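Treat the numbers as computed from the prediction; the structure is a model and nothing was measured.
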Amino acid sequence: MAAIIQVENVTKTYRIGKVDVPAVRGVSFTVERGEFLSVVGPSGSGKSTLFYILGGLAQADSGRVLIDGTDFARATDSERTHLRRQKIGFVFQKFNLLPTLTARNNIQIALDIAGDAAKHDPEHFRNITQLLSIDKRLDHRPSELSGGEQQRVALARALINKPAIVLADEPTGNLDTQNSAAVLEMLQRSNRELGQTVLMITHNPEAARFGNRILHFRDGQLVTPELDPQWAGAAQQVPGMQ
């Protein structure tokens, strides 16, 4: 099985006033095609910065990020945009739905942005919305939906193009237990049944266990689970962890 994500000695530092704040410090790992990887760690550990770098939404200061063989650091803006549109689906904690559009149009806009009419598969659309229990809410705008329904619409939007990679940043952070389970189960199904690679950022141990491998992030670095008591014994050792 070939790696679809390769992270090689990536660093990222933010300048806040006159102070340099390292967010990611020399991180290296790979994600195999078809994996469900959870990246866990406390707030402020740098895991969300890593998410944005992996999605090409932020630039690393140094190191390489290869997405299906393409180096984000060396790609042009247009190449990065094309890669995101064609290969990556994003799920954010804050949903990021367009308030003036219905749920249906918020999902369909991902097809329009990709610019590939051939990807429009009515059966796939119907299956996803039914599995996420939003098929009866498609004509409602975000303000008319609960938080759980909004996140399920956001997940449908991420999956509608059948991307090779799904990046999810705290997808259950604003949800109750029932809605969290629905979102996590759908991510798991997309991984198992559609073969999509899922990388999920989370601080929730229960959510993280939906993945088949867990990376532990603390102070901008990958660490072994034993350094954080709440995670000890919760996941497999990371092969080749730097």
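- Checked by atom type and distance alone, the side chain of Arg104 never pairs as donor or acceptor with a backbone atom of Asp139 at under 3.5 Å.
- The minimum heavy-atom distance linking Ile67 with Phe72 is given by the pair CG1-CE1, 3.5 Å.
- Under the 4.5 Å side-chain contact rule for hydrophobic residues, Val198 and Leu66 do not share a cluster.
- Taking 4.5 Å as the limit, every side-chain heavy atom of Asn174 sits out of range of all side-chain heavy atoms of Gln151.
- Under a 4.0 Å N-O distance rule, the pair Asp68/Arg33 qualifies as a salt bridge.
- Under the ring-ring contact (aromatic ring centres under 6.0 Å, His included) criterion, Phe90 pairs with Phe92, sequence neighbours left out.
- Using a 4.5 Å cut-off on side-chain heavy atoms (C-beta onward), Thr102 and Leu138 make no contact.
- Counting only distance, with no hydrogens or angles, the side chain of Asn191 and the backbone of Gln196 share a donor-acceptor pair below 3.5 Å.
- With hydrogens and angles ignored, the 3.5 Å screen pairs a side-chain donor or acceptor of Arg84 with a backbone N or O of Gly56.
- Taking the ring-ring contact (aromatic ring centres under 6.0 Å, His included) definition, one finds that Phe36 meets it with nothing, sequence neighbours left out.
- Although no hydrogens or angles enter the test, the distance criterion places no donor-acceptor pair under 3.5 Å between the side chain of Gln130 and the main chain of Asp135.
- Between the CG atom of Leu132 and the CD atom of Glu185 there is a distance of 10.5 Å, given to the nearest 0.5 Å.
- Of all heavy-atom pairs spanning Asn212 and Glu35, the tightest one is OD1-OE2, 3.8 Å.
- The CG atom of Leu199 sits 9.0 Å away from atom CZ of Arg213, with the distance rounded to the nearest 0.5 Å.
- In this structure, the side-chain contact (heavy atoms from CB on, under 4.5 Å) partners of Leu98, at least two apart in sequence or on a different chain, are Leu101, Asn106, Ile109.
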Inset, instruction - Check the pair Ser48, Asp169 against side-chain hydrogen bond (donor to acceptor under 3.5 Å, both in side chains), reporting the backbone distance first and the verdict last. - result: CA-CA 7 Å; Ser48 288; Asp169 185 16; 3.2 Å; yes
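- Note that Lys47 lies outside the cation-pi zone of Phe51, set by a 6.0 Å cut-off to the ring centre and a 45° limit from the axis.
- Tested against Glu170, the residues His203, Lys94, Gln93 include a single side-chain hydrogen bond (donor to acceptor under 3.5 Å, both in side chains) partner, His203.
- Atom CZ of Arg64 sits about 11.0 Å away from atom CG of Asn9, to the nearest 0.5 Å.
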